[in-house]
Number of protein chains: 2
Amino acid sequence: MSGKRRSTQNAMRERAAIFAALGDETRLAVLVKLGDRQPHSISRLTAGTRMSRQAVTKHLRVLARAGIVRNVHLGRENLFKLETPPIESARDYLTDVSRQWDDTLARLKAHLEK
Amino acid sequence: MSGKRRSTQNAMRERAAIFAALGDETRLAVLVKLGDRQPHSISRLTAGTRMSRQAVTKHLRVLARAGIVRNVHLGRENLFKLETPPIESARDYLTDVSRQWDDTLARLKAHLEK
DNA sequence: CCGAACAGCAACCAGTTGGTTGCCTTTTAT
DNA sequence: ATAAAAGGCAACCAACTGGTTGCTGTTCGG
């Protein structure tokens, strides 16, 4: 059915968005800072960065759109924290791509040994 | 030492390049086609793509520069095949990021904050 | 209450990306 | 020997990205 095809294409697009979000050095640096699982304010994430606060804000928005990060407003601060599920999904996808051939072989073998 | 810091930054840049290369829907589609571990010619990869051959060529070059794909000229054909090590390295990095505060991250953070 | 800290919005800019088309070279097949 | 298949190269284009600056609004601390 074409419904299935569309859903896989959507999944594809989401994955591409996740990888694209990860495909920037400064965003990876932000993720490393968020790796302590604590919410960080934008100013905090900007400190020591040689970049403007707005630049960091834009990067955070990219990460948020990809679902890699989630934000919560607390008082005058906007706190961001790491969201692991999409990252894990992307990781699983990479395993699939690099193992496709092996999987096919394994399935074949299992079928033959039945 | 700042030599170590530079090396982690280089690793960072390489990873960003890999993720950036993966961050495009049509490139992911190419990778899926290459998932059978067999070398494919550019024309073959273009077939059924609604895209021009040159567009596919550009995408392949992006993947090649990231080390995800390797090409070999055979006669008049240019054959591309999947190269798994960088993909696996990227996957491992994602596991590190999503894992709770493991020591790889701790070391990375220490170096970046120095 | 008032200044400073935190942040959003908009405009703008240069460089990169993703794609096209046109033309040329090399290799294969008949 | 020659036409078709495979692909490289260059120019060009629109759209997106990553970054800046300037200004405004809100919330906290003294």
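What you are looking at is a predicted structure, and each value in this text was computed from that prediction instead of being measured.
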Shortest non-hydrogen contact from [X] toward [Y]:
| X | Y | value |
| --- | --- | --- |
| Ala21(B) | Ala66(B) | CB-CB, 3.8 Å |
| Arg53(A) | Ile42(A) | CG-CG2, 3.8 Å |
| Val69(A) | Leu82(A) | CG2-CA, 4.3 Å |
| Met51(A) | Thr26(A) | CE-CB, 4.2 Å |

Length of the [atom1]-[atom2] vector between [X] and [N], whole Å:
| X | N | atom1 | atom2 | answer |
| --- | --- | --- | --- | --- |
| His73(A) | dG25(D) | NE2 | P | 18 Å |
| Asn71(B) | dG7(D) | CG | P | 11 Å |
| Leu45(B) | dG8(D) | CG | P | 12 Å |
| Leu60(A) | dG19(D) | CG | P | 12 Å |
| Arg53(B) | dG22(C) | CZ | C1' | 11 Å |
| Arg65(B) | dT17(C) | CZ | C1' | 11 Å |
| Glu25(A) | dG19(D) | CD | C1' | 15 Å |

### Task
Respond yes when some side-chain nitrogen or oxygen of Ser41(A) is under 4.0 Å from OP1 or OP2 of dC6(C), and no when none is.
no

### Message
When you measure from the side-chain N and O atoms of Ser52(A) to the phosphate of dT20(D), is any distance below 4.0 Å, counting only OP1 and OP2?
### Response
yes

### Query
Met12(B) and Leu31(A): same hydrophobic cluster, using ILVMFWY side-chain contacts below 4.5 Å?
yes

### Summary
Residues of residues 74-83 of chain B with a heavy atom under 4.0 Å from any atom of DNA chain D, listed by number, are Arg76(B), Glu77(B), Asn78(B)

[X] has a side chain; which of [options] sits nearest to it?
| X | options | value |
| --- | --- | --- |
| Asp24(B) | dG19(D), dG19(C), dG18(C) | dG18(C) |
| Thr57(A) | dG19(D), dG8(D), dG8(C) | dG8(C) |
| Ile42(B) | dT20(D), dG8(D), dG18(C) | dG8(D) |

### Query
Mapping Lys58(B) and Gln54(A) onto DNA chain D by nearest heavy atom, which one lands closer to the 5' end?
Lys58(B)

### Message
In terms of relative ring orientation, are Phe19(A) and Phe19(B) parallel, tilted or perpendicular, with 30° and 60° separating the classes?
### Response
parallel

### Query
NA contact type, Ser43(A), heavy-atom cut-off 4.0 Å: base, sugar-phosphate, or nothing?
sugar-phosphate

### Task
Tell me what Arg27(A) touches on the nucleic acid: a base, only sugar-phosphate, or nothing, going by heavy atoms under 4.0 Å.
sugar-phosphate

### Query
Can Glu25(A) and Arg27(A) be said to form a salt bridge (Lys or Arg N to Asp or Glu O under 4.0 Å), step by step?
CA-CA 5 Å; Glu25(A) 215 174 334; Arg27(A) 282 197 288 269; over 6 Å; no

